[in-house]
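Order of listing sets the numbers, starting from 1, for every ligand and every atom in it.
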Amino acid sequence: MRPEIRALSPYHVPDARGLIKLDAMENPYTWPDALRDEWAALLRDTDLNRYPDPHASGLVTQLRRSMAIPDDMAVLLGNGSDEIIQMIAMAVAGPDRTLLSVEPGFVMYRMIASFCGMRYTGVPLRADDFSLDLAALLQAIADTRPAVLFLAYPNNPTGNLFDRKALAQVIAAAPGLVVIDEAYAPFTDQSYMAELGRHDNLVVMRTVSKMGLAGLRLGLLAGPPAWLAEFDKVRLPYNINVLTQASAEFALRHQAVFDAQTADIRAERERLQQALARLPGLSPYPSAANFILVRVPAGRAPALFEGLKERGVLVKNLHGAHPLLQDCLRLTVGRPEENDALLGALQQLL
Ligand SMILES: *Cc1c(COP(=O)(O)O)cnc(C)c1O
């Protein structure tokens with residue numbers, strides 16, 4: 001085994017059986033019965049004996065429409081956007097090449113850099129509001145000359161958007177590719193999709209996971225055809241299976257259902273934000289995503305996490321994950337009654 005693999009811990013997914021699941025940024029809503037029936041009928045007529053359409057052309061057409069991908073940009077699909085991060089890293093990796101990101105950020109950037117034998121540098125965000133430390137980031141770009149820079153927009157686990165003027169400077173200064181990871185696009189009106197083509201090193205990554213299709217595993221990269229043609233070479237053939245192609249295309253034809261669900265989640269986010277701010281000792285951070293990062297009284301995050309679990313609510317404890325996340329929990333926005341259970345349990349514990 002390579003030493004850097006032996007040094008890793010596997011990605012841990014906690015057992016959520018019997019718990020209100022507010023740990024993984026899933027959409028809490030399922031589909032109305034009529035839609036489920038229509039979907040089941042479609043699957044009834046979907047054959048599994050042949051390999052899938054290698055270009056997933058029906059699905060790509062639907063994704064272009066749903067996500068307003070500019071016509072002159074190419075699209076590459078992944079088995080989740082995690083697989084796209086992996087394809088990008090595999091294509092640019094080398095022992096003296098750097099994947100750059102900010103911290104606290106999405107942990108898969110660092111892990112995948114390690115899987116692919118790349119260097120990783122994480123530039124700390126500003127401690128007070130998790131905004132970009134532009135001077136530090138520009139310095140890191142100058143020092144490491146990153147082959148690729150990943151920025152989640154909004155950021156996970158902090159929930160904030162970054163300043164667009166600062167991002168423009170970052171994109172201009174980066175000598176390599178800049179990936180804007182818009183996993184939380186359904187929960188904000190901000191996007192870089194319309195910026196594609198204006199900077200020759202910019203690509204945008206999306207996923208259908210957070211909008212309500214996490215079980216399908218489908219992500220996409222949109223960007224200049226010359227870049228995507230290279231990444232396509234490291235894509236394993238048939239990476240998007242027949243059931244995912246059929247189901248995602250079907251779901252996106254019913255976009256209105258998901259739009260209504262994500263609008264409800266956005267409204268609940270505001271309610272939860274305000275209710276958390278009223279609880280003693282809690283400081284919730286502003287969020288443009290479907291989760292809220294909250295700082296709890298010093299030293300109490302592990303006990304609050306366990307106390308919530310005993311009361312049937314699973315959240316994410318980030319205390320210990322990064323120095324800037326000391327005393328922090330991350331709460332996914334759930335259904336109103338789930339959020340009420342969370343708030344009630346927090347009230348008791350505090
Ligand atoms: C959840 C998440 C992803 C992973 O999405 P999948 O498509 O489910 O693999 C990527 N980036 C960020 C920032 C995320 O939070």
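The existence of a salt bridge linking Asp15 and Arg17 is confirmed by a sub-4.0 Å separation between a basic side-chain nitrogen and an acidic carboxylate oxygen.
Considering only heavy atoms from C-beta on, Phe130 comes within 4.5 Å of Leu293 through its side chain. The shortest side-chain heavy-atom distance between Thr121 and Asp143 does not fall under the 4.5 Å cut-off.
For atom 9 (O) of ligand 1, the nearest protein heavy atom (residue, atom name, distance) is Arg217 NH2, 2.9 Å. Ranking protein heavy atoms by distance to atom 15 (O) of ligand 1, first place goes to Tyr184 OH, 2.6 Å.
Ligand 1 places these atoms under 4.0 Å from at least one heavy atom of Ser209: 6 (P), 7 (O), 8 (O). Remark: ligand 1 atoms within the under-4.0 Å shell around heavy atoms of Lys210 are 1 (C), 2 (C), 3 (C), 4 (C), 5 (O), 14 (C), 15 (O). Shown in contact with Asp82 at under 4.0 Å from a heavy atom are these atoms of ligand 1, numbered in order with element: 4 (C), 9 (O). Here is the list of ligand 1 atoms found below 4.0 Å of a heavy atom in Ala152: 13 (C). Short contacts between ligand 1 and Ser81, defined as distances under 4.0 Å to a heavy atom of the residue, involve ligand atoms 3 (C), 4 (C), 5 (O), 6 (P), 7 (O), 9 (O), 10 (C).
The aromatic rings of Tyr109 and Phe106 sit perpendicular, their planes meeting at an angle over 60°, well past the 30° parallel limit. Ring planes of Phe162 and Tyr153: tilted class, angle from 30 to 60°.
Residue Ala183 places a heavy atom less than 4.0 Å from ligand 1. Residue Met205 places no heavy atom under 4.0 Å from ligand 1. Under the 4.0 angstrom criterion for non-hydrogen atoms, Glu83 is not in contact with ligand 1.
A side-chain donor-acceptor contact under 3.5 Å links Gln245 to the backbone of Asp53.
With Leu151, Asn156, Asp181 as candidates, the residue nearest to atom 12 (C) of ligand 1 on a non-hydrogen basis is Asp181.
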Output side-chain donor-acceptor pairs under 3.5 Å for residues 74-100, partner residues at least two apart or in another chain, one line each.
unit_1 : atom_1 : unit_2 : atom_2 : d
Glu83  : OE1    : Asn79  : N      : 2.6
Glu83  : OE1    : Asn239 : ND2    : 3.0
Arg97  : NH1    : Val92  : O      : 2.9

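At a 3.5 angstrom cut-off on N or O pairs, Tyr109 does not count as close to ligand 1.
Both tests do not hold together for Arg330 against Tyr285: distance to the six-membered ring centre under 6.0 Å, angle to the ring axis within 45°.
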